[in-house]
Structure formats: C-alpha cells, structure tokens
Number of protein chains: 2
Amino acid sequence: MRYRLKGRVWIESDEGTFLGFGRVVLLERIRDHGSISAAARSMNMSYRHAWKLVDSMHRQSATPLVETTTGGKKGGGATLTKAGHNAIACFWQAYKHHKQYLSDQTAPLELLK
Amino acid sequence: MRYRLKGRVWIESDEGTFLGFGRVVLLERIRDHGSISAAARSMNMSYRHAWKLVDSMHRQSATPLVETTTGGKKGGGATLTKAGHNAIACFWQAYKHHKQYLSDQTAPLELLK
DNA sequence: AAGCGTTATGCTATGGAAAACATAACGCTT
DNA sequence: AAGCGTTATGTTTTCCATAGCATAACGCTT
C-alpha cells in the first residue's frame, strides 16, 4: 500500500480563519469577474456564502481587500484593493511552499512499510 | 492584526484517509485502555464511530494495527500490534515536524501587515 | 418611472456526517 | 443457564454547515 502525506494550510487571526484555499480562489474570481455575484456563480457558490466570506475577511483586516459599489450601469460590482492582491500572493506563496513540503516529507512514510 | 499559519496533516492511501490526529489518538487510547469501547468512551466518541475508524485503517493496511477478541472474562478487548505502535510513532513524527514547519513559516506573513 | 443587476442581510430548507439506538454473537463467571 | 462487557453491524435520529429563498436599497439606462 502506498501512503502519501497530505495536508491543508490556512491563515488565522484571533477571530478565526482569515485566508484559506477557497477564500483566495474567491478573491481571484472577484478580481477576474468584477463582482461578488459573478465570482460566486463561476464557482458554484451561493452569493450569500461568498458575501459572508468577504465579510469575514474584512472583519479581520485593517484595510479592506475588496471594494464594492451598488447601483450604476452594471448594477454595481466589486474590485480588489492593493491589500486584496497582496493577500492572494501571500497565500499562494505559503500554499505552494507547503505543497512542496508535503511532497518532500512523504518519503519518511516508508516506515509504514 | 496578528496572523498565524495554521494547518493539518494526515496520511492517505488510495482508499482515503489512513492516519490522522483523531485516528492516532484513538489508537493510543485503545493501547491504554485495552478495548475499543473503553477508548471510545474515554474520548467521548461513539463505539460505532470508533469501530468504523479502526475498520477503515485495517482496510488500508497490509497488516492489522489492532487485534480484537470477543467473549472471555472481560467480555473481550483490543490490543495494538507492532504495526499499530509503529503507526502511532510514524504519525506523531510527521505531525510534530509539521507543527514546527508551521511555526517557522509564520514569519513571512508579516507581508500582510 | 420602471427595469436591470448588483450589494447587503434575514429567514428557511436540506443533505451529509456523526451520534444514538438496537440487536446478535462470543466466551468467561457465577 | 443466566449474566456480563465486549466486538460487530444494521437502522434511525440529530445536528450543523451550506444552499436556497426573499426582500430592500442603490444608481445607471431606457
């Protein structure tokens, strides 16, 4: 039987989860689609849930990651702030580094025979 | 706001999760209490669930980690095999190493300001 | 003024994982 | 032979995270 070391990483503050895989993908979708609702639709997530995630991130960040507008020609929308782009980059760096770590640490599992 | 890198690790086979934190604690409790049911009680877990976890581990291991007996003076019981003890040690090693990794990798999160 | 797509937010429904319950068999003890 | 605590396993119930629905407000367009 072949074993692999698997794992997850996320970034927490005292209030709970700040950034995780799903949250960061959501931020990317908001960046790419220009609205929370289009982002949610693109990943089969309810708008309600997507909004709550953004809200949760904002309650844990000194500066907002997403700026929203209501009304207007397109009904409104959302764009990422500098801090939003930074959060994406920062998480993916930790994520990729961790992925490599897991891969490297799979070898010692040979002890399980 | 202070951020920390958090994470989980577990060991998978092609069939799914083989060893994780809860499973290994369960193995330790079985070792310490001498039965699956006492182990489950000691950690507020239903016997049904504990048994399923042991069953899942066995379906993923060439050699069993737990040996059980039914009947007898104490009604039966369970003891760890050599492979069972080995699994515990192997997981904790990976777990502790990973814990150190997370701690080390928290510094770069300063980028989030 | 009416209509649209969006943000924002409360309330309800649902589905899957875990708990809880139920039963049978086992083999010592009394 | 009856009783006990255990393993083993099927069935039902509970709980909670997420989805889903419903509504209001916003500000362009027509």
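What's counted below: heavy atoms across the whole structure, side chains too, no hydrogens, waters or symmetry copies. Each chain gets a letter, A, B and so on, in the order the sequences are listed, and its residues count up from 1.
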Nearest-angstrom distance from the residue atom CG of L53(B) to C1' of dT9(D): 15 Å

Contact nearer the 5' end of DNA chain D, comparing G71(A) with G71(B): G71(B)

Residue-level proximity of residues 73-86 of chain A to DNA chain D when a heavy atom falls under 4.0 Å: K73(A)

Comparing N44(A) and Y47(A) on DNA chain D - which has the more 5′ nearest nucleotide: N44(A)

R59(B) CZ - dA8(D) P separation (whole Å): 13 Å

Considering all heavy atoms, the nearest T63(B)-A83(B) contact: OG1-CB, 3.5 Å

K52(A) NZ to dA19(D) P, straight-line distance once rounded to whole Å: 10 Å

Heavy-atom check, side chain of L19(A) versus side chain of E12(A), under 4.5 Å: no

Non-hydrogen side-chain atoms of R48(A) and K52(A) separated by less than 4.5 Å: yes

K99(A)/D104(A) salt bridge by N-O under 4.0 Å criterion: no

Aromatic plane relationship, H97(A) with Y101(B) - under 30° parallel, 30 to 60° tilted, over 60° perpendicular: parallel

Under 3.5 Å donor-acceptor, R23(A) side chain and T17(A) backbone: yes

Linked, directly or transitively: W10(B) and L112(A) (ILVMFWY side chains, under 4.5 Å): no

Pairwise 5' ranking along DNA chain C for G34(A) and S46(B), keeping only the more 5' one: G34(A)

Pairing pattern in dot-bracket form [Watson-Crick, G-U; both distances under 3.5 Å; | = partner strand] for DNA chain D: ||||||||||||||||||||||||||||||

Start and end of chain B contact along DNA chain C [non-hydrogen atoms, under 4.0 Å]: dA19(C) to dC28(C)

Side-chain touch Y3(A)/C90(B), heavy atoms, less than 4.5 angstrom: no

T106(A)-R4(A) side chain donor-acceptor pair, cut-off 3.5 Å: no

Aromatic ring proximity, centroids under 6.0 angstrom, H58(A) and F18(A): no

Short side-chain to backbone donor-acceptor contact, T81(A) and L65(A), under 3.5 Å: yes

